[in-house]
Amino acid sequence: MDKKIILITGSSDGIGKITATALAKQGHCVIIHGRNEAKVRGVVEAIKLASGNDAIDYVVADLLSLQQVKAMAMELTSRYGYLDVLINNAGAIFGKERKLSVDGFEQTIALNLLAPFLLIKLLLPSLQKSRSGRIINLYSAMHRRAGRPDLSDFNLERNFRTDRAYGLSKLYLVWLTRSFHQLFQKEGLSNLTINACHPGAVASNFGQDADKGFLMNSIFKMALYFMAKPEQGAGTSIYLASSPEVEGLSGNFYDAKAKLEKPDDRYYSEENAKIVWDFCDRSTKAFL
Ligand SMILES: NC(=O)c1ccc[n+]([C@@H]2O[C@H](COP(=O)([O-])OP(=O)(O)OC[C@H]3O[C@@H](n4cnc5c(N)ncnc54)[C@H](OP(=O)(O)O)[C@@H]3O)[C@@H](O)[C@H]2O)c1
């Protein structure tokens with residue numbers, strides 16, 4: 001087996017933790033990421049025990065802070081020098097009140113869009129040193145329900161709703177995935193691939209703590225009984241990170257059963273994707 005170094009953001013819980021455990025069992029060197037050091041250390045020990053694999057490392061960063069995203073990338077670059085797989089798994093839906101990150105961005109956009117953008121950019125030199133660098137972004141079926149994006153209002157100052165913020169953050173992540181793929185092709189970075197997958201509706205901590213309003217809170221609680229287990233939701237991430245079948249394949253989108261799917265392209269155009277790219281570039285410039 002080709003032993004890889006794999007970073008999974010948000011692997012202290014939910015789908016990320018299951019993904020990390022499965023990849024550890026395959027014998028890879030897995031880097032667990034979370035924002036709470038005590039929790040992350042506990043997960044590292046549990047995965048070592050479950051997998052019999054001691055090559056489990058960790059890194060701590062609150063991805064709502066671009067400075068912490070940068071510090072994490074710098075730390076990993078000096079620790080390892082190269083990286084084979086980056087899974088941008090961390091993500092969240094927040095409460096009904098619009099809140100800003102420490103950097104002044106609406107927090108759903110900060111966590112689900114700006115953090116993965118900056119992390120990819122900062123870890124690109126490490127991924128380029130891999131024989132076959134893979135990037136996997138987790139999106140969501142809710143990108144289909146975001147409605148018409150307002151590309152002059154990334155901070156959602158107008159018409160804020162928590163489900164709209166989440167849907168838009170994932171729609172823009174789909175567009176970013178394509179833009180990175182096009183960049184890799186243009187620059188001839190043939191050892192790099194980027195794909196995205198959505199895990200399906202999974203009973204995890206996702207959305208359970210945030211106060212989204214009575215109706216949404218009730219829907220999220222009731223839905224837990226019908227949702228898939230994190231083990232099922234992690235299948236496509238595990239496949240895209242490790243399977244030789246997807247070697248060299250890039251710019252694709254996969255469903256929860258690892259089948260190719262087409263995202264909702266009602267509002268996609270190269271011009272619109274460039275507006276999103278430019279927003280991300282501008283917003284993270286100080287940390288590059
Ligand atoms: N569950 C679903 O139905 C579903 C559906 C579609 C897409 N997704 C996507 O799948 C991915 C994983 O979701 P999940 O269901 O596994 O969610 P989860 O159970 O809530 O786990 C989220 C992970 O991200 C971490 N995280 C959250 N905010 C963070 C922050 N500010 N900084 C650093 N880490 C942070 C969490 O850390 P802590 O352990 O500290 O909380 C946890 O490890 C997300 O991108 C989500 O959008 C989920």
Side-chain angles (χ1 to χ4, degrees), residues 7-21 31-44 46-47 58-69 71-73 87-95 99-103 105-116 118-119 136-146 162-163 165-174 177 196-210 219-238 240 253-256 261 263:
L7 167 65
I8 307 161
T9 67
S11 43
S12 54
D13 218 322
I15 297 163
K17 182 175 159 186
I18 300 294
T19 306
T21 307
I31 306 163
I32 305 299
H33 158 262
R35 57 190 158 165
N36 172 334
E37 178 150 10
K39 184 171 179 181
V40 173
R41 279 167 170 268
V43 170
V44 168
I47 292 180
Y58 74 89
V59 66
V60 177
D62 183 345
L63 300 184
L64 276 170
S65 156
L66 294 172
Q67 184 54 50
Q68 291 196 31
V69 175
M72 162 177 163
I87 306 182
N88 281 310
N89 167 85
I93 185 167
F94 291 94
K99 290 190 183 156
L100 301 183
S101 69
V102 284
D103 303 294
F105 300 105
E106 190 287 317
Q107 58 184 349
T108 329
I109 294 291
L111 178 64
N112 297 351
L113 183 73
L114 294 177
L118 182 58
L119 202 53
I136 299 145
N137 293 330
L138 268 83
Y139 73 115
S140 161
M142 276 173 74
H143 82 279
R144 299 179 192 281
R145 294 169 192 233
T162 184
D163 55 334
Y166 180 72
L168 284 174
S169 71
K170 295 295 186 178
L171 180 71
Y172 299 150
L173 188 64
V174 164
T177 303
C197 62
H198 83 74
V202 172
S204 63
N205 280 344
F206 179 76
Q208 295 301 326
D209 298 336
I219 293 172
F220 266 69
K221 286 271 175 279
M222 273 167 32
L224 281 178
Y225 295 100
F226 308 103
M227 285 170 148
K229 294 204 165 17
E231 282 74 6
Q232 293 160 278
T236 308
S237 296
I238 297 163
L240 291 178
F253 298 87
Y254 295 83
D255 70 11
E261 71 165 17

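Counting starts at 1 for both ligands and their atoms, in listed order.
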Under 4.0 Å from ligand 1 - residues by heavy atom, chain and number: Gly10, Ser11, Ser12, Asp13, Gly14, Ile15, His33, Arg35, Lys39, Ala61, Asp62, Leu63, Leu64, Asn89, Ala90, Gly91, Leu111, Leu138, Tyr139, Ser140, Tyr166, Lys170, Pro199, Gly200, Ala201, Val202, Ser204, Asn205, Phe206
Distance (rounded to the nearest 0.5 Å) between [X] [atom1] and [Y] [atom2]:
{"X": "Ser65", "Y": "Asp103", "atom1": "OG", "atom2": "CG", "answer": "5.5 Å"}
{"X": "Ile32", "Y": "Thr19", "atom1": "CD1", "atom2": "OG1", "answer": "9.5 Å"}
{"X": "Arg41", "Y": "Tyr58", "atom1": "CZ", "atom2": "OH", "answer": "3.5 Å"}

Side chain to side chain, Leu138 and Ile87, heavy atoms closer than 4.5 Å: yes
Qualifying residue for side-chain contact (heavy atoms from CB on, under 4.5 Å) with Ile18, from Ser11, Ser237, Pro230: Pro230
When the side chains of residues 105-113 are checked against the rest of the protein, which donor-acceptor pairs come out under 3.5 Å, sequence neighbours left out?
residue, atom, partner, partner atom, Å
Glu106, OE1, Thr108, N, 2.9
Glu106, OE1, Thr108, OG1, 3.1
Glu106, OE1, Ile109, N, 3.0
Glu106, OE2, Thr108, N, 3.2
Glu106, OE2, Thr108, OG1, 2.8
Asn112, OD1, Ala92, N, 3.1
Asn112, ND2, Ala92, O, 3.0
Asn112, ND2, Ser169, OG, 3.1

